[in-house]
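Written out below as structure tokens is the structure these notes cover.
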Amino acid sequence: MRVRFNGNLMESSRQDIVDFIVKETPLEPAEAADIIETPPDSSRGDLALPCFKLAKALRNKPVVIAEDLAAAFQPTELVESALATGPYLNFRLARTPFLKAALEDPAAPTHDGDGRTIVLDYGSPNISKHLAYHHLRTLSIGFSLKRIFDQLGYRTVGINHLGDWGTTHGKLLAAWKMWGEGIDLTEDGVTKLNELYVRFNQEGAKEDGQDWFRRLEQGDAEARALWEQFREISLAEFDEVFSMLGVTFDVMKGESHYADLAEDAIRRVEATGLDEISEGAQVVMLTDLDMPPFFLRKADGATVYGTRDLAAVFDRYELYEFDRCIYVVDMGQSLYFKQLFAVLERMGLPYAGRVEHVSFGIVRFGGKKTGSRTGNVVLLREVVTEAIERIRAIIEDKNPDLADKEGVARAVGVGALLFSDLSAKRVKDVEFVWEDVLTFEGHTGPYLQYTHARCASILRKAGEDVGDDADLSLLTLPEEWELAKVLARFTDRVRIAARDAEPSVISQYLLLLAETFSRYYNLGNENPELKVLAPDPAARAARLALVGGVRDVLARGLFLLGMKAPEEM
RNA sequence: GCCCUCGUAGCUCAGUGGAUAGAGCACCGGUUUCCUAAACCGGGUGUCGCAGGUUCGAAUCCUGCCGAGGGCGCCA
């Protein structure tokens with residue numbers, strides 16, 4: 001009986017309806033599939049066909065068409081009935097087969113991406129600066145996308161393209177030579193380096209920075225040794241924060257890795273004849289696209305980040321033959337990425353269309369854009385530490401006997417931050433407000449984790465009572481049906497999240513799932529017979545199967561957002 | 001000046017061209033012998049920035065305008 005679902009349940013039910021429409025109307029299958037929708041109010045039905053578009057072809061009023069179609073409808077194994085409501089034809093799905101399929105491992109990974117690779121460039125902070133709160137965006141979005149593509153069976157490569165090369169680092173070397181020698185970097189080295197950098201931007205001479213970067217690029221021993229020291233200090237600091245957040249990478253290849261390959265990249269561009277010299281610099285002109293030139297080499301002979309980004313994308317394609325190469329970088333760099341992609345296009349590279357800039361909104365603090373350059377930052381580790389501290393206090397208050405208090409505090413504190421960053425569409429700007437980030441009620445990460453813990457708790461108490469031979473036809477409450485329908489949408493939502501590179505699709509879905517479950521769960525407070533752990537063993541078994549599905553999907557969904565799902569909290 | 005993005009309830013945000021535009025927060029009230037109250041239920045809010053256009057139908061698509069943010073040749 002469940003063979004027909006073929007992994008996508010809603011689709012099979014839809015197919016029956018499509019077949020029916022094709023038989024009864026002049027619509028092509030694709031058109032029919034396209035206009036089927038979900039009724040706004042579930043009590044009307046499970047799927048609906050608006051009949052407006054049919055009016056012309058059938059030369060009749062939509063209301064009459066709906067009635068005629070309702071009369072012509074023959075129930076199928078999956079679609080139980082069709083009822084006309086005004087110009088709409090509302091279909092009701094057969095409950096038991098649907099429930100059976102919906103509860104059969106609803107969180108299971110798919111094979112959509114078998115044999116294909118997604119490269120994700122996220123994080124990518126600059127060394128000698130702290131990770132600030134605004135870095136959370138690229139980290140949370142990038143890491144979540146990696147897990148979303150993993151869920152669909154793609155091979156993913158998460159790359160930390162460290163900002164460890166360029167004039168910026170020449171400035172730091174210059175600053176160090178002027179004011180830094182003798183400073184002890186063993187303690188809080190990043191702070192001290194960043195102070196030097198900020199001071200240089202105020203008092204230093206740009207030329208000194210450029211000069212030191214040139215020395216670095218030419219392999220000057222002193223410059224190289226200092227740079228390596230600064231880099232090590234920064235990496236140690238980054239690792240600590242990444243580990244607090246639970247964010248990982250597969251590859252850490254900074255810009256410095258491409259320093260030598262940059263010359264090769266320039267030669268490849270030269271081979272296409274696209275480059276020219278403009279005002280002493282070597283560039284690719286993009287005037288016809290109304291864009292400024294793309295720089296390969298500055299007038300002083302040094303390469304720029306764009307040169308190294310070219311080298312990196314060549315390297316990535318050679319290594320991974322990616323299907324998509326995604327740069328998770330704020331929208332302030334949109335123009336730059338357009339230029340970079342335009343150069344790839346002009347070079348005639350077959351994968352030019354597979355690179356994309358997944359942008360996100362700006363983070364503000366105190367109404368102003370945050371940025372290490374301006375010094376308007378809140379340290380990321382400080383925010384994480386505070387969030388965990390707050391959760392710790394809540395646990396002491398509500399559940400002081402909890403087994404792994406520290407572990408749960410970290411999971412929930414970090415989860416709150418990740419979720420607050422991933423719940424709105426990434427295009428939205430973020431205003432950092434302490435009290436907003438430290439909110440744990442309502443549409444928050446802890447709410448989802450709490451709902452998950454409730455499910456886990458029920459299943460734990462049920463113990464051995466959880467069987468797979470439950471009679472799902474006993475799930476007759478409207479709330480149970482709603483819940484099953486939401487569960488069945490999970491994989492579809494994951495696909496959309498991947499297609500749009502938009503983790504908030506998962507966030508919004510999980511909120512809906514948690515709310516639908518909570519409403520159901522609370523019925524038991526009014527009426528003990530409606531509890532999951534009901535007196536009737538058969539009803540209990542069926543409900544446990546449902547709750548098991550909710551638990552699995554919540555756990556998996558949280559995982560896709562980079563969050564943990566504690567069993568108790 | 002030019003280009004990009006955004007504009008939905010007091011605030012933060014949902015809303016595959018379709019039925020009465022929905023949540024959370026905040027405010028008021030209610031629910032706990034129970035599977036954990038980080039929860040649930042009830043109470044009221046909207047010129048969907050403005051003006052046109054396309055469509056049987058527009059918060060959604062197109063154009064213009066207004067407002068906010070970001071970007072615009074040698075930083076990353």
Side-chain angles (χ1 to χ4, degrees), chain A residues 34-35 37-41 44 48 50 52-53 55-56 62 85-88 90 124 126 163 165-169 171 206 209-210 255 278-283 285 290-300 302 304-306 308-309 329-336 338 359 361-362 364 369 373 391 394-395 397-399 412 416 420 423-425 427-431 433 436 439-451 453-455 457-462 496 504 507-508 511-512 514-515 518-528 531-534 543 547 568-569:
Chain A
D34 207 43
I35 58 173
E37 60 187 41
T38 312
D41 175 3
R44 294 178 193 270
F52 308 101
K53 285 210 166 64
K56 225 173 273 174
T85 310
Y88 292 87
N90 292 312
S124 309
N126 292 334
W165 206 251
T167 323
T168 300
H169 307 289
K171 287 185 191 171
K206 198 180 167 189
Q210 289 173 340
E255 281 192 68
S278 170
E279 298 174 31
Q282 190 177 11
V283 302
M285 293 303 283
D290 289 322
M291 290 194 274
F294 182 87
F295 277 74
L296 297 168
R297 205 193 292 280
K298 299 190 287 178
D300 70 359
V304 284
Y305 57 97
R308 296 183 288 274
D309 269 341
V329 181
D330 74 87
M331 58 204 300
Q333 293 189 43
S334 296
L335 174 59
Y336 164 69
K338 271 189 198 160
S359 65
I362 296 300
R364 267 184 279 276
K369 182 182 176 183
R373 262 173 244 179
I391 297 292
I394 293 173
I395 291 172
D397 179 44
K398 303 197 178 201
N399 198 357
V412 177
S420 84
S423 58
K425 279 188 302 216
V427 69
K428 293 279 181 185
D429 288 349
V430 172
E431 170 76 38
V433 180
D436 289 353
T439 297
F440 310 121
E441 288 171 16
H443 281 178
T444 64
Y447 170 58
L448 297 177
Q449 290 169 319
Y450 177 73
T451 308
R454 272 186 155 172
C455 293
S457 170
I458 293 170
L459 293 160
R460 195 166 49 242
K461 288 200 180 174
I496 290 172
S504 71
S507 314
Q508 296 298 327
L511 288 173
L512 174 67
E515 282 171 334
S518 295
R519 207 167 297 132
Y520 170 55
Y521 171 95
N522 273 81
L523 294 176
N525 287 339
E526 307 277 324
N527 180 352
K531 287 183 174 175
V532 174
L533 298 180
R543 287 171 188 173
V547 173
E568 344 173 38
M569 59 187 271

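Quick note on labels: first sequence line is chain A, next is B, and so on, each numbered from 1.
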Legend entry - Closest contact, heavy atoms only, A:Ile35 versus A:Pro50: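 Heavy-atom minimum between the residues: O-CD, 3.2 Å.
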
Inset, instruction - Taking all non-hydrogen atoms of both residues into account, name the closest pair between A:Gly361 and A:Met331 and its distance. - result: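 It is CA-SD, 3.5 Å.
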
Between [atom2] of [N] and [atom1] of [X], the distance in whole Å:
| X | N | atom1 | atom2 | result |
| --- | --- | --- | --- | --- |
| A:Phe52 | B:rU55 | CZ | C1' | 12 Å |
| A:Glu37 | B:rG17 | CD | C1' | 10 Å |
| A:Arg308 | B:rC74 | CZ | C1' | 12 Å |
| A:Asp290 | B:rC2 | CG | C1' | 9 Å |
| A:Leu335 | B:rG73 | CG | C1' | 11 Å |
| A:Leu511 | B:rG24 | CG | P | 10 Å |
| A:Gln282 | B:rG73 | CD | C1' | 15 Å |
| A:Asp330 | B:rG69 | CG | C1' | 12 Å |

Using the [atom1] atom as the point on both nucleotides, what is the distance between [M] and [N], in whole Å?
| N | M | atom1 | result |
| --- | --- | --- | --- |
| B:rC25 | B:rA21 | P | 23 Å |
| B:rA9 | B:rG15 | P | 15 Å |
| B:rA19 | B:rC61 | P | 16 Å |
| B:rG1 | B:rG43 | P | 49 Å |
| B:rC28 | B:rC34 | P | 28 Å |
| B:rC50 | B:rC74 | P | 41 Å |
| B:rU12 | B:rG29 | P | 26 Å |
| B:rG7 | B:rU60 | C1' | 14 Å |

Inset, instruction - Between A:Pro292 and A:Ser423, name the one whose nearest nucleotide on RNA chain B is closer to the 5' end. - result: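 Upstream on the strand: A:Ser423.
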
Are [X] and [Y] packed together at the side-chain level, in the sense that at least one heavy-atom pair is separated by less than 4.5 angstrom?
| X | Y | result |
| --- | --- | --- |
| A:Asn399 | A:Met569 | no |
| A:Tyr450 | A:Val412 | no |
| A:Ser507 | A:Leu448 | no |
| A:Leu511 | A:Tyr447 | yes |

Legend entry - Torsion-based syn/anti label for B:rG73, 90° from 0 as limit: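 Syn conformation here, the glycosidic angle of B:rG73 being no more than 90° from 0.
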
Indicate whether OP1 or OP2 belonging to [N] is found under 4.0 Å from a side-chain N or O atom of [X].
| X | N | result |
| --- | --- | --- |
| A:Thr167 | B:rC75 | yes |
| A:Lys369 | B:rG70 | no |
| A:Lys298 | B:rC75 | yes |
| A:Lys425 | B:rG15 | yes |
| A:Lys53 | B:rG57 | no |

Legend entry - Distance-only side-chain donor-acceptor flag, A:Glu515 / A:His443, under 3.5 Å: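 Distance-only check passes for A:Glu515 and A:His443.
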
Inset, instruction - Answer with yes or no whether the side chains of A:Ser504 and A:Lys428 bring together a donor and an acceptor at under 3.5 Å. - result: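 Note: A:Lys428 and A:Ser504 side chains miss the donor-acceptor criterion.
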
Need one value for [X]: base, sugar-phosphate or nothing, where a base atom within 4.0 Å counts as base even if backbone is also close, heavy atoms only.
| X | result |
| --- | --- |
| A:Ser124 | nothing |
| A:Ala424 | sugar-phosphate |
| A:Arg364 | sugar-phosphate |
| A:Pro87 | nothing |
| A:Glu431 | nothing |

Inset, instruction - Could you grab the distance from atom CG of A:Asp309 to atom OH of A:Tyr336, nearest 0.5 Å is fine? - result: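 These two atoms lie 3.5 Å from each other.
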
Inset, instruction - Could you work out which one of B:rG73, B:rA14, B:rC75 sits closest to the side chain of A:Gln508? - result: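 Nearest to the side-chain atoms of A:Gln508, counting from C-beta on, is B:rA14.
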
Inset, instruction - Counting heavy atoms from C-beta on, name the nucleotide in B:rG7, B:rC56, B:rG73 closest to the side chain of A:Lys428. - result: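 Of B:rG7, B:rC56, B:rG73, B:rG7 is nearest to the side chain of A:Lys428.
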
Inset, instruction - Keeping the roles fixed (side chain from A:His169, backbone from A:Asn126), state whether a donor-acceptor pair exists under 3.5 Å. - result: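 Judged by distance alone, no pair lies under 3.5 Å.
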
Legend entry - Main-chain N/O of A:Phe295 paired with A:Gln282 side-chain donor or acceptor, under 3.5 Å: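 Checked: no pair found.
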
Inset, instruction - Could you provide the dot-bracket string of RNA chain B, using ( ) for intrastrand pairs, [ ] for crossing pairs and | for bases paired to another strand, with Watson-Crick or G-U pairs below 3.5 Å? - result: (((((((..((((....[...)))).(((((.......))))).....(((((..]....))))))))))))....

Legend entry - Atom CD of A:Glu431 with >12 non-hydrogen neighbours under 6.0 angstrom: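 Buried by this count: over 12 neighbours within 6.0 Å.
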
Inset, instruction - Scan nucleotides 32-40 of chain B nucleotide by nucleotide, 5' to 3', and note B when protein non-hydrogen atoms come under 4.0 Å of the base, S if they reach only the sugar-phosphate, - if neither. - result: --BBBSBBS

